[in-house]
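Notes to accompany the following structure.
Numbering of residues begins at 1 and proceeds along the displayed sequence.
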Amino acid sequence: MVSTMSVKSITSTANPQIKQIASLFVRKYRTQAKQFVAEGIRTLLDAQEQGFVPRTLVYLDDMGGNKHVERLRGAMGTKGSCLEVSRKVMEKLTGRGNPQSVIGIFDQHQGDLAGIAAHKAGIWVALEGVRDPGNLGTVIRTADSAGADGVILIGEVCDPFSIEVVRASMGSIFNQKLIRCSCDEFLVWRSKWPGMVVGTHLQAKQGYRAPKYRKPILLLIGNEQSGLPENMAKACDTLVKIPMRGRADSLNLAVATGVMLYAITDACG
């Protein structure tokens, strides 16, 4: 697919469009614009396969005519804009000395709890108070890998559209439904959830392989420091723990989520 969209060449880091794109690396301005940055040809091609087209496509000036860039441009049609920039500009945008050759500016995509069709739901991951963007991005990637439907973010959490989360998700940010809600909203919604709710808890009496998992199922995990708060633990049908065989007293949040998701998917078939 060949695009007829015009391309603007930019070599100055003081260009207003470049400054606007650079502002999206700051949460305040991402939230205001309701947009975010994704980097790399592979990630942008994955986004395109899932139906996400960038508002703005930015690529290094030596990438002009690249077949993947042309494919991305072609998918944009006549909408949006294409910027061909110098390496200096790309380094300024990404804050990296060795930047990706292509970045895209996308609209943020997130829903609410009312959009989850319980009768069609399979497996959902709910994270309460997750603060580490690397963990969140890895959980999103893991949920995608395990075939989960999406990720629910509860309470005060890190921004799922920060560049750190998007990088860690390795493109899965475009293949997972994202839901944001308060603790109170979640607890009200959970009371109507028809399926199983399982939470991880250090004081649980049973191991993570013990329950008879069944869909629809919601996996609820607390934050990195304190785990599930009492009100969230009480909202679970079943609490489980992953036994520690060595000296460490807990697993990294993303690793624990991966262990749980594959135990659930193996049991549910």
Side-chain angles (χ1 to χ4, degrees), residues 26-36 108-118 121 123-144 146 148-169 172-173 176-204 208 216-242 250-261 264:
V26 179
R27 182 170 189 168
K28 172 184 175 181
Y29 300 112
R30 275 196 306 276
T31 302
Q32 290 175 356
K34 296 183 179 179
Q35 295 180 330
F36 71 103
Q108 294 185 10
H109 55 282
Q110 57 185 13
D112 54 32
L113 294 167
I116 299 178
I123 300 171
W124 280 80
V125 178
L127 303 176
E128 190 278 332
V130 60
R131 301 297 175 86
D132 185 276
N135 275 340
L136 177 53
T138 304
V139 167
I140 292 170
R141 181 182 181 186
T142 304
D144 184 16
D149 292 293
V151 177
I152 301 171
L153 302 174
I154 307 168
E156 294 297 320
V157 299
C158 58
D159 182 5
F161 297 107
S162 72
I163 193 62
E164 295 86 0
V165 174
V166 176
R167 284 170 179 163
S169 80
S172 292
I173 191 79
Q176 285 289 285
K177 297 180 181 69
L178 297 177
I179 306 292
R180 295 285 296 274
C181 64
S182 69
C183 293
D184 289 342
E185 288 170 337
F186 174 79
L187 291 172
V188 170
W189 173 83
R190 184 269 173 271
S191 67
K192 302 173 184 178
W193 173 253
M196 183 179 188
V197 179
V198 57
T200 57
H201 201 285
L202 289 175
Q203 304 305 316
Y208 71 101
I217 187 168
L218 179 69
L219 172 62
L220 180 56
I221 295 183
N223 72 24
E224 295 90 344
Q225 285 75 39
S226 55
L228 279 181
E230 185 177 355
N231 61 340
M232 290 291 169
K234 288 181 177 178
C236 296
D237 299 309
T238 302
L239 292 174
V240 300
K241 61 182 176 182
I242 301 171
S250 64
L251 286 176
N252 167 274
L253 180 144
V255 173
T257 303
V259 170
M260 287 298 305
L261 275 174
I264 289 169

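- Remark: the backbone N or O of Glu156 is paired with a side-chain donor or acceptor of Arg131 at under 3.5 angstrom.
- Nearest heavy-atom pair across Gln176 and Ala143 is OE1-CB, 3.3 Å.
- From Thr142, atom OG1 reaches atom CG of Leu261 across 7.5 Å, with rounding to the nearest 0.5 Å.
- For the pair Tyr208 and Thr200, the minimum side-chain heavy-atom distance is 4.5 Å or more.
- Contact detail for Glu128 and Pro229: the closest heavy-atom pair is OE1-CD, 3.5 Å.
- Side-chain contact between Leu220 and Ile154: present, with at least one pair of heavy atoms (C-beta onward) separated by less than 4.5 Å.
- Taking CG of Leu218 as the start and CE of Met196 as the end, the distance is 11.0 Å to the nearest 0.5 Å.
- A donor-acceptor pair under 3.5 Å links the side-chain atoms of Asp112 to the main chain of Gly115, judged by distance alone.
- Here the side chains of Asp149 and Ile116 are not in contact, with every heavy-atom distance at 4.5 Å or above.
- Contact annotation: the side chain of Ile179 never approaches that of Trp189 to less than 4.5 Å [non-hydrogen atoms, C-beta and beyond].
- Residue His201 comes nearest to Leu239 through the heavy atom pair CB-CD2, 4.1 Å, listed as atom of the first residue, atom of the second, then distance.
- What you find for Ala168 and Arg141 is that their closest heavy atoms are O-CD, 3.9 Å.
- For the pair Met260 and Val240, the minimum side-chain heavy-atom distance is below 4.5 Å.
- With Arg190 contributing its side chain and Ala235 its backbone, the two residues share a donor-acceptor pair below 3.5 Å.
- Side-chain contact between Leu136 and Val157 is absent, with no heavy atoms from C-beta onward closer than 4.5 Å.
- A salt bridge does not link Lys28 with Asp159: every distance from a Lys NZ or Arg NE/NH1/NH2 to an Asp or Glu carboxylate oxygen is 4.0 Å or more.
- Residues Val139 and Val130 fail the side-chain proximity criterion, which asks for heavy atoms closer than 4.5 Å.
- Residues Asp132 and Leu253 form no side-chain contact, since every pair of their non-hydrogen atoms from C-beta on lies 4.5 Å or further apart.
- The number of heavy atoms from other shown groups lying within 6.0 Å of CD (Gln203) does not exceed 12.
- For Gln108, the CD atom is densely surrounded, since the number of other residues' heavy atoms within 6.0 Å is greater than 12.
- When every heavy atom of Ile173 is checked against every heavy atom of Ser169, the shortest pair comes out as N-OG, 3.3 Å.
- Annotation: side chain to side chain donor-acceptor pair (under 3.5 Å) contacts of Asn223 (sequence neighbours excluded): Ser226.
- Shown here are the side chain to side chain donor-acceptor pair (under 3.5 Å) partners of Asn252, two or more places apart in sequence or in another chain: Asn135.
- Relative ring orientation between Phe36 and Phe161 is described as tilted, the plane-to-plane angle lying within the 30° to 60° band.
- When all heavy atoms of Asp237 and Gly195 are compared, the pair lying nearest together is OD2-O, 3.7 Å.
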